[in-house]
Amino acid sequence: MREVQRVGPRTLLQVAEALEAIVCRCVGPHGGQVIFTKDTGEVSISRDGRRVLASLVLDHPVARALLGCLLAHCNTAGDGAKSFVLLLAALLRGTRAACRAQGKAGPHGRLAAQQVSRWLLSFQEEVLDGVMRDHIAPHTTALFSHTSPAESRARVRRLMEGFFCGRVNAAHSKFLAEIASDFCFRWTCKPDGADVLRLVPDRFPELHTAVTGLPIDRSHILQGLVIHRDFAVHCPTDRPLNALAISVPLQTSLPMEADGTLIITSSLQLCSFGSWVADNIERTVTSLKELQVKLLLSSVKQSDLVLYQAKRAGMSVVECVSQEELSLFCLLAGVSPFADLGFWEGVGGKHVAAVTFCQPVVLGAHRYVHVGFPERQGYLPHCLVLCGPVPGLTAQCVSAFGDAFRTLQRTSEPIWLRHRRNSGTQACCLRNVTSSRGEQDNIRNGDRSDFGVQQTDAKELQAASLVSDKGAMRTLSQGQCCNKRTESPDLVSPLNCCMPQDKSCRSQGRAFGRDAEEGLTDNLVRSETSARPGAVLPVGGAFEFLLHHYLWKHSFESSCPETKMSCRLVAEALLNVPRQLYLRHNGHGHFLKVRTNFISCLRHQEVVGSITDGPEALESLACKYQLLASVLQCAGRLLSVDTLIYTTALGLRDKSNRDDEDDET
């Protein structure tokens with residue numbers, strides 16, 4: 001193996017295209033399945049991009065780094081593994097083509113790639129945030145309706161359909177989408193259910209039960225919580241009861257005041273100690289009985305004497321409950337677990353939970369404990385029973401549900417977009433106007449050390465761009481301090497703003513900066529705004545077509561060459577996702593037809609609706625934004641690498657052994 005290897009755009013592209021060739025087979029609702037055969041002979045069939053890529057044995061360091069970025073994104077957004085690879089491969093293709101077109105292939109190609117790396121890493125803050133806020137967000141609809149719960153339920157179901165159609169078989173996607181949306185709305189009566197959407201993804205391992213050997217359409221929802229243990233003692237009751245969660249054994253070995261070792265030297269002492277232990281347990285159970293506790297949930301195993309006393313008192317006992325399930329039970333019931341060993345008289349109302357029912361439930365080949373909760377703080381807990389005919393399909397169904405709730409959680413969160421994204425691009429525009437010919441050449445070569453303008457003017461322009469007064473912004477947009485007018489009369493885009501050309505305009509700019517000084521601190525604090533939570537778009541390429549259109553438009557309006565190239569690289573890469581989507585459906589001609597119709601509607605200012613022939617499914621704007629941001633960060637970091645250094649653990653170990661020998665001598 002080579003110890004040192006040069007890495008350029010060509011190597012990165014070869015790795016990305018190898019992964020692209022795998023995932024493009026299962027893109028979209030019409031994609032196929034990927035079959036894997038393990039060394040043990042086990043066969044796995046899946047169309048989940050994350051599962052497919054994680055199952056690969058990757059030896060190349062670039063491939064492993066790429067996979068790490070992809071998995072980190074999926075852990076955050078819950079979806080987008082296949083689109084991640086498609087976007088990254090297209091972006092690297094465009095980067096390599098741009099480097100070759102500029103005549104910088106070979107050793108100088110690495111320098112050009114590092115320049116593109118810097119541009120892509122700053123593209124999100126300088127360009128993408130503004131385009132998303134000003135142009136893409138107005139085309140979205142809200143996922144949750146505060147006036148029509150039925151409309152909210154329908155939109156959540158359509159969002160889940162858009163998610164499941166790319167993860168599971170088409171015959172089951174609608175059914176699973178209906179269960180997922182029904183599960184969310186059974187939890188809460190609130191319009192958005194923000195608290196539930198934060199709880200369910202984090203607690204999903206405890207909120208579901210996987211059952212193998214049944215068809216997927218046998219999956220259903222249960223009210224309450226399933227504790228994955230059976231009763232150690234079961235005393236049936238059909239009435240509401242009180243429950244206590246404990247994390248210590250009821251039977252203590254020694255009295256609490258003893259600080260030594262118990263030594264028994266005779267049978268009489270043994271009988272006396274046994275009587276003391278029995279009396280202590282009986283008093284503890286009696287104190288719990290006075291609190292009307294009928295259910296005891298324990299994270300540790302209890303002694304036979306404790307189980308006997310609980311049976312006599314009519315108290316059900318469930319022991320060896322996992323800490324995660326016990327903490328979830330306490331969270332849903334609004335109580336605290338009791339862990340004060342030897343002071344059972346201190347059990348109070350903050351430890352006793354109200355339970356509506358407690359009964360055994362048989363799911364598959366196992367019997368568990370099923371408990372119910374009264375409605376509390378606007379939500380009513382439920383859990384999922386997810387079925388599958390074989391273990392592999394059951395695991396895929398469980399994974400898809402967990403990622404679906406993660407996607408729904410990310411959709412309901414705001415998208416934070418930065419106002420100060422334009423400082424770097426402003427500096428670029430300022431350099432293009434005021435710097436000399438030699439300085440402009442340095443700019444094109446990636447040298448950002450000298451802005452070529454006076455520091456005072458740059459600060460004034462930055463202060464002016466942060467002012468929120470619409471009247472002042474309208475004055476700028478009418479051309480007093482800009483070479484170009486913006487589309488909106490109420491908001492100026494600093495991406496199109498250049499340095500004033502005459503002294504009068506400069507003085508106006510300074511006066512405008514002085515007017516902005518009073519509110520500069522407040523504007524810096526409010527330098528981030530958010531798009532509305534729950535923003536969604538139709539599936540089928542609506543996001544990619546929209547962003548491609550506005551990025552190309554922005555590239556023509558900008559005077560910065562770095563911004564032009566970055567916008568065009570990202571815009572062309574975006575089309576790779578819908579191109580692969582429609583290529584698997586009706587061929588490349590259908591992609592061109594859909595894109596033409598979409599652009600025609602956009603130019604006629606029509607509402608962006610469904611662009612597919614199938615169901616009107618939806619996809620999350622927040623997840624799409626997160627996907628593109630993750631791809632930009634991954635591409636920027638990969639392009640910044642120019643050398644791979646291979647090391648072996650054996651060599652390091654031999655060297656350390658030699659160092660030890662030298663120290664000994």
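Predicted model only: the values in this text are computed from it and were never measured.
- Atoms CG and OG1, on L537 and T141 in that order, are 7.0 Å from each other to the nearest 0.5 Å.
- The heavy-atom pair separating S555 from R568 by the smallest distance is OG-NE, 3.4 Å.
- Here the rule is side chain to side chain contact (heavy atoms under 4.5 Å, CB included) with L19, and of V52, L66, L86 only L66 fits it.
- Between the side chains of H139 and Y550, at least one donor N or O lies within less than 3.5 Å of an accepting N or O.
- If you take CG on L13 and CG on L92, they are separated by 6.0 Å, rounding to the nearest 0.5 Å.
- In this structure, the side chain of S173 engages the main chain of A170 through a donor-acceptor pair within 3.5 Å.
- Nearest approach of S399 to D48, heavy atoms of both residues: OG-OD2, 4.1 Å.
- Within the model, atoms CG of L632 and OG of S117 stand 11.0 Å from one another, a figure rounded to the nearest 0.5 Å.
- Side chains of Q33 and N169: no donor on one and acceptor on the other come within 3.5 Å.
- Counting only N and O atoms by type, the side chains of Q633 and R637 include a donor and acceptor under 3.5 Å apart.
- Here the side chain of Y582 pairs no donor or acceptor atom with the backbone of K593 at under 3.5 angstrom.
- Here NZ of K624 is found 11.5 Å from CG of L546. Values are rounded to the nearest 0.5 Å.
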Check against side chain to side chain contact (heavy atoms under 4.5 Å, CB included), T643 and V4: CA-CA 7 Å; T643 305; V4 178; 3.5 Å; yes
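- Residues M160 and L408 form a side-chain contact, since some pair of their non-hydrogen atoms from C-beta on lies under 4.5 Å apart.
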Please evaluate residues N576 and E20 with respect to the criterion side chain to side chain donor-acceptor pair (under 3.5 Å), reporting the C-alpha separation (whole Å), side-chain torsions for both, the decisive distance (0.1 Å), and the verdict. CA-CA 11 Å; N576 193 35; E20 182 187 28; 3.1 Å; yes
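- For D403 and R167, the salt-bridge test passes: some basic side-chain N is under 4.0 Å from an acidic carboxylate O.
- No side-chain heavy atom of V62 sits less than 4.5 Å from a side-chain heavy atom of Q14.
- Within 6.0 Å of CZ on R10 lie no more than 12 heavy atoms contributed by other residues, nucleotides or ligands.
- A salt bridge does not link E562 to R118: none of the charged side-chain nitrogens sits closer than 4.0 Å to a carboxylate oxygen.
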Let's go through T563 and H554 carefully: what are the C-alpha distance in whole Å and the side-chain angles of both, what is the deciding distance for side chain to side chain contact (heavy atoms under 4.5 Å, CB included) to 0.1 Å, and is it a yes or a no? CA-CA 9 Å; T563 303; H554 184 75; 3.9 Å; yes
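- Looking at F405 and L197, their side chains never come closer than 4.5 Å, going by heavy atoms from C-beta outward.
- The backbone N or O of C24 sits nowhere less than 3.5 Å from a side-chain atom of K82 that would complete a donor-acceptor pair.
- For the 3.5 Å distance criterion, the side chains of E572 and W552 qualify, holding a donor opposite an acceptor.
- Residues L575 and F545 form a side-chain contact, since some pair of their non-hydrogen atoms from C-beta on lies under 4.5 Å apart.
- In this structure the side chain of L53 reaches within 4.5 angstrom of the side chain of L56, judged on heavy atoms.
- In summary, R410 and E413 engage in a salt bridge, as defined by a charged side-chain N under 4.0 Å from a carboxylate O.
- Taking the six-membered ring for Trp, F164 and F401 have ring centres closer than 6.0 Å.
- For the pair R50 and F84, the NZ or CZ position fails the cation-pi test of under 6.0 Å to the six-membered ring centre and within 45 degrees of the ring normal.
- Considering all non-hydrogen atoms of both residues, R47 and V168 come closest at NH1-O, 3.0 Å.
- Shortest non-hydrogen contact noted between L70 and A81 is CD1-O, 3.5 Å.
- A donor-acceptor pair is defined here as one N or O able to donate and one able to accept, closer than 3.5 Å; no such pair exists between the side chain of T11 and the backbone of V7.
- Residues L581 and P29 have side chains in contact (heavy-atom distance under 4.5 Å, counting atoms from C-beta outward).
- No donor-acceptor pair under 3.5 Å is formed between the side chain of Q114 and the backbone N or O of V641.
- For the residue pair A535 and T140, the shortest heavy atom distance occurs at CB-OG1, 3.6 Å.
- At distances below 3.5 Å, at least one donor-acceptor pair connects side-chain atoms of T411 with backbone N or O atoms of T407.
- A salt bridge links R93 with E17: the closest approach of a Lys/Arg side-chain nitrogen to an acidic carboxylate oxygen falls below 4.0 angstrom.
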CA sep, side-chain torsions, deciding dist, call: L120, V570, side chain to side chain contact (heavy atoms under 4.5 Å, CB included): CA-CA 9 Å; L120 293 179; V570 177; 4.3 Å; yes
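- At distances below 3.5 Å, at least one donor-acceptor pair connects side-chain atoms of R64 with backbone N or O atoms of D59.
- When all heavy atoms of G162 and V539 are compared, the closest pair comes out as CA-CG1, 4.2 Å.
- Taking CZ from R96 and CG from L12, the interatomic distance works out to 10.5 Å, rounded to the nearest 0.5 Å.
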Step-by-step side chain to side chain contact (heavy atoms under 4.5 Å, CB included) determination, C634 to L88: CA-CA 8 Å; C634 180; L88 183 62; 4.0 Å; yes
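- In this structure, S83 OG and Q580 CD are separated by 10.5 Å, a value rounded to the nearest 0.5 Å.
- Residues S46 and F36 fail the side-chain proximity criterion, which asks for heavy atoms closer than 4.5 Å.
- Looking at heavy atoms from C-beta onward, M132 lies in side-chain contact with L128 at the 4.5 angstrom threshold.
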